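In what follows, chains carry the letters A, B, and so on, assigned in the order in which the sequence lines appear, proteins first and then strands, with residues in each chain numbered from 1. None of the values given here were measured: they were computed from a predicted structure.
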Protein chains: 2
Amino acid sequence: MNIRDVAKKAKVSTATVSRVMSGVNIVKPETAERVRKAINALSYVPNLSARTLSKGRSHLFGVVISDITNPFFPDLIYTFNELAEQHKYRAVFANTNYSPARMELCIHSLLEQKVEGIAIMTSEMSPNSILMIAERGIPMVFLNEPGPQKNLTNVVVDYKSGMEQAIDHIVGLGHKRIAFIGGPQDLRSAVLRQSIFLKALKEKGIKLDKRRLTSGNHRVDGGYAAMQRLLEQNPRPTAVMTSNDLTAIGAISAIYEAGLQVPRDISVVGFDDIEMSRAYNPALTTVRLSRVDIATRAFFSLYDACNGAGTTVSKRKVKGAADKMVPTQLILRKSTAAPTS
Amino acid sequence: MNIRDVAKKAKVSTATVSRVMSGVNIVKPETAERVRKAINALSYVPNLSARTLSKGRSHLFGVVISDITNPFFPDLIYTFNELAEQHKYRAVFANTNYSPARMELCIHSLLEQKVEGIAIMTSEMSPNSILMIAERGIPMVFLNEPGPQKNLTNVVVDYKSGMEQAIDHIVGLGHKRIAFIGGPQDLRSAVLRQSIFLKALKEKGIKLDKRRLTSGNHRVDGGYAAMQRLLEQNPRPTAVMTSNDLTAIGAISAIYEAGLQVPRDISVVGFDDIEMSRAYNPALTTVRLSRVDIATRAFFSLYDACNGAGTTVSKRKVKGAADKMVPTQLILRKSTAAPTS
DNA sequence: AGCCTATATGCAATCGCTCCCACTTGCCAA
DNA sequence: TTGGCAAGTGGGAGCGATTGCATATAGGCT
C-alpha cells in the first residue's frame with residue numbers, strides 16, 4: 001500500500017496525490033476530492049521515512065534528558081511535545097542515564113534520525129558529541145551552560161533570585177543555624193545551585209558554618225542520609241535549605257523519624273517545586289523553577305533557528321524568551337516557620 | 001555526507017560500506033578497517049530514514065500512553081526503552097492526553113513511522129484506530145483489555161490478589177468502617193479496580209455502606225476533595241482504601257488539614273506504589289503494581305510477535321510473561337494501624 | 001595448464017515519496 | 001487565427017541506503 005496504489009485508484013499521478021496530501025500547489029477541487037476518497041478507501045498512511053528522505057527535512061527535534069524517572073523531566077517533555085505538535089514538529093527523547101558515554105549514543109541516534117535541532121537538558125556532557133552536532137550546523141540549546149559558544153543558545157535559570165528569596169524568608173523568620181544539603185558534586189547544576197546559595201548568603205553578610213554544609217544525591221535517600229548526619233550535631237540546625245525537592249522530602253522523613261516535626265523543630269526549604277511538593281505532608285516551601293518556561297524557551301530557540309528569524313509571531317515569542325532568564329520564585333507553604341528558640 | 005562519500009574516500013563501493021556497517025557478510029579485514037577509518041574521518045552517520053525505507057523494517061515500537069506527567073508512566077517508559085535498546089529496537093511514545101480523538105492522531109503518527117508493534121497502555125480507546133492497526137497485521141499489546149481478540153496480546157494485572165491482601169490487612173487490624181475512594185468513572189482501569197475491590201469485599205462477607213463509596217479523579221486534588229466529603233460523615237470511616245496512590249496522598253492531606261492524623265485516626269491504603277509512596281509522610285501502605293513487569297511483558301510480547309516464535313532465549317522469557325498475570329502485592333508501611341476505638 | 005571454488009567486491013534495481021520540469025487544455029487579447 | 005498565460009496534471013530523477021546478482025581474484029586441485 002503506497003502512493004502509487006492511491007494514484008491508480010484515483011486515476012491520477014503520484015504527483016497529484018502528493019500535492020493533495022501536502023496541501024500545497026493547485027489541485028482541482030474535484031480531483032482532490034477523488035484522491036481523498038481513495039486515501040480513505042484504502043486507509044492509506046504515507047511512509048514517513050520516504051517523505052523525510054525525499055524532502056531532506058525531518059521536522060524532528062531531539063531532546064536529551066538524563067532520566068525520565070526524575071520528576072524534573074516529565075513536565076519538560078510534556079510541554080516540549082505539546083509545542084512541537086502545535087508547530088508541526090515531532091520530538092524524540094533520549095535518556096543519558098547520567099552517563100556521558102551513553103550521551104554519545106543518544107546523540108548518535110538523534111543524528112541518524114536527522115533531527116533538525118537538539119535540546120540538551122542535562123548536566124553531563126560529551127564534548128565530542130557536541131562537536132559532531134556543531135559541525136553539522138544543527139542548532140542546539142543548552143540549559144545553564146556556563147560558557148556560551150557560538151551557534152548555540154542557552155536557556156539560563158535565574159537561580160540567584162530564588163535563592164535570595166528563600167534566604168530572606170528563612171532569615172526573616174529568625175533562623176540563625178541554617179544548613180544546606182546540596183546535590184551530587186559531579187552534577188554541574190547541583191554545584192551551581194550550591195555556589196549560588198553560598199554566594200547569596202555571603203552577600204547578605206551571613207556566614208555558614210562549614211559543618212552545616214553537606215550534600216546528598218538529589219534523590220530522596222540522599223536527603224534522608226544527609227539530614228541524619230545534620231541531626232547528630234549539637235546544637236542542630238533550625239532551618240535546612242536543600243538543592244532540590246526530593247532532597248528536602250528525604251530530609252523531612254529523617255526529621256520525623258527522629259521524633260521531631262517540621263516546621264515546629266526544623267524548617268525545610270526545597271527547590272524545583274515538583275508536583276509532589278504541594279501534596280507533600282507538610283506541604284513544602286520551595287523555590288519554583290518553571291519547567292514549562294524552560295521547555296518553551298528551548299523549543300522556540302530551536303524552532304526559530306530552523307525557520308529563519310523572518311517569521312512574525314514566533315519571532316516575537318522567541319525574542320521574549322531569549323531576552324530574559326527563566327525566573328524562579330519562592331512558594332510559601334507549610335514546611336517553614338519561626339524557630340521555637 | 002552520505003554513504004557514497006565514505007565509499008569514495010575508502011575507495012570501495014557503497015555496497016561494501018553498507019556491509020561493514022551492518023556487520024553481516026564477508027568483508028576483508030583490511031578493507032573493513034579502511035572503511036571504518038573513512039567513516040571516522042568524515043564523522044559519517046548513516047541516514048536512518050534511508051535505511052528504514054530500503055530495508056522495509058523500522059525496528060521501532062510505538063507505546064501509547066495517556067500522559068507522561070502521570071507518575072504511573074515514567075517507570076513504564078524507562079523499562080520499555082531500556083529493553084528496546086538492549087534488543088536493537090527503538091521506542092517512540094505518544095500521549096493521548098486521555099482523549100480518544102487524540103489517540104487517533106497518535107496511532108496515525110505511529111503508522112506513518114512504520115512501527116513494527118504497538119503497546120497501548122491507556123484505558124481510552126479509539127476502535128477505529130485499533131482496526132487500522134489490525135488490518136495492517138501489526139502486533140499489538142494491551143493493558144487489561146477485557147475482551148481479548150485475535151491478533152493481539154494482553155498484559156493483565158492481577159488486581160484481585162492485591163486487593164484481597166489489602167482488605168485482609170485492614171480487616172485484620174480490626175477496622176469496621178471502611179471507605180473506598182475510586183477513580184474517574186469513565187476510566188476503565190479505575191472502574192475495574194473499584195469493581196474488583198467491591199467483589200473481593202463481598203466474597204469475604206463484608207459489606208460496604210454505600211455512603212462510604214466515593215470517587216476522585218486519580219489525582220491528588222480529587223483524593224483531597226473525596227476525603228473531605230468522607231470526613232463530614234458521622235461516624236466517620238476509620239480506614240480508607242483508594243484506587244491509586246495520588247488519591248491516597250490527597251486523602252491524607254485532607255485528613256491532616258482536618259486536624260486528624262494518619263494512621264492514628266484514620267488508616268489509608270494506596271494503590272500502585274509510585275516512587276513517592278515510600279517517601280511520603282507517613283510512608284504509604286499500598287499495593288504494589290510493578291511497572292517494570294508490565295513494561296517487560298508488553299515489550300516481549302511485541303518482540304516475540306515480530307521475531308518469530310522460533311528464537312530460543314526470548315521465547316522462554318515471553319512464554320513466562322504470557323503465562324502469568326502481573327502480580328500485585330501489599331506493601332506495609334506507616335499509613336495503616338489498628339483503629340483507636 | 002586448466003578448472004573449480006571460496007572469498008571479496010562492485011553494479012544497479014529498489015524502497016516510497018517529493019518536486020522540478022514539461023506538457024495539455026481552455027481562455028482571452030491581439 | 002494565433003500567441004501567451006494560467007491552471008492542472010503527469011513523467012521521472014533523485015533522496016540514501018540495502019541487497020541480489022554478477023564479476024574478479026587467488027589459491028588449490030587434478
Return the value, rounded to whole Å, for the distance between atom [atom1] of [X] and atom [atom2] of [N].
| X | N | atom1 | atom2 | value |
| --- | --- | --- | --- | --- |
| Met1(A) | dC17(C) | CE | C1' | 15 Å |
| Arg19(A) | dC17(C) | CZ | C1' | 13 Å |
| Lys55(B) | dC15(D) | NZ | P | 22 Å |
| Lys28(A) | dT24(C) | NZ | P | 17 Å |
| Glu30(B) | dA26(D) | CD | P | 13 Å |

Would you kindly compare Thr16(A) and Thr16(B) by the position of their nearest DNA chain C nucleotide and give the one closer to the 5′ end?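 Going by which nucleotide is closer to the 5' end, it is Thr16(B).
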Would you say Thr79(A)'s side chain and Asp75(A)'s backbone share a donor-acceptor pair under 3.5 angstrom?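 Here the side-chain-to-backbone pair exists.
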Between Glu116(A) (side chain) and Ser58(A) (backbone), is there a donor-acceptor pair under 3.5 Å?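 Pair found, side chain donor or acceptor close to backbone of Ser58(A).
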Using a cut-off of less than 4.0 Å, is there contact between a side-chain N or O of [X] and OP1 or OP2 of [N]?
| X | N | answer |
| --- | --- | --- |
| Ser13(B) | dT9(C) | no |
| Ser54(A) | dT18(C) | no |
| Asn2(A) | dG16(C) | yes |

Counting the atoms with a prime plus P, OP1 and OP2 as sugar-phosphate, which does Val17(A) contact under 4.0 Å by heavy atoms, base, sugar-phosphate, or nothing?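 Touches nothing.
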Indicate, with a heavy-atom threshold strictly under 4.0 Å, whether Lys11(B) touches base, sugar-phosphate, or nothing.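 Here Lys11(B) touches the backbone only, sparing every base.
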Answer yes or no: are there more than 12 heavy-atom neighbours, outside Glu275(B) itself, under 6.0 Å from its atom CD?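 Not buried by this count: 12 neighbours or fewer within 6.0 Å.
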When Pro139(A) is tested against each of Thr153(A), Leu302(A), Asp304(A), Ile118(A) for side-chain contact (heavy atoms from CB on, under 4.5 Å), which residue passes?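 With Pro139(A) as partner, Thr153(A), Leu302(A), Asp304(A), Ile118(A) yield a single side-chain contact (heavy atoms from CB on, under 4.5 Å), made by Leu302(A).
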Nearest of [options] to any side-chain atom of [X]?
| X | options | answer |
| --- | --- | --- |
| Leu53(B) | dT9(C), dC15(C), dG12(D) | dC15(C) |
| Val27(B) | dT9(C), dT18(C), dA12(C) | dT9(C) |
| Ile3(A) | dT18(D), dT18(C), dG8(D) | dT18(C) |

What is the bend of the helix from dA1(C)-dT30(D) to dA30(C)-dT1(D) when you compare the axis at one end with the axis at the other, using five pairs each and rounding to 10°?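 The end-segment axes of the helix from dA1(C)-dT30(D) to dA30(C)-dT1(D) are tilted 60° relative to each other.
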Tell me, with the steps shown, if His87(A) and Phe61(A) meet ring pair (Phe, Tyr, Trp, His ring centres under 6.0 Å). CA-CA 11 Å; His87(A) 292 78; Phe61(A) 285 145; 9.6 Å; no
Nearest 0.5 angstrom please: Cys306(A) SG to Ile138(A) CD1, how far?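 Going from SG on Cys306(A) over to CD1 on Ile138(A), the span is 9.0 Å.
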If every non-hydrogen atom of Leu187(A) is compared with every non-hydrogen atom of Ser123(A), which pair is closest and at what distance?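 Looking at all heavy atoms of both residues, the shortest contact is CD1-CB, 3.5 Å.
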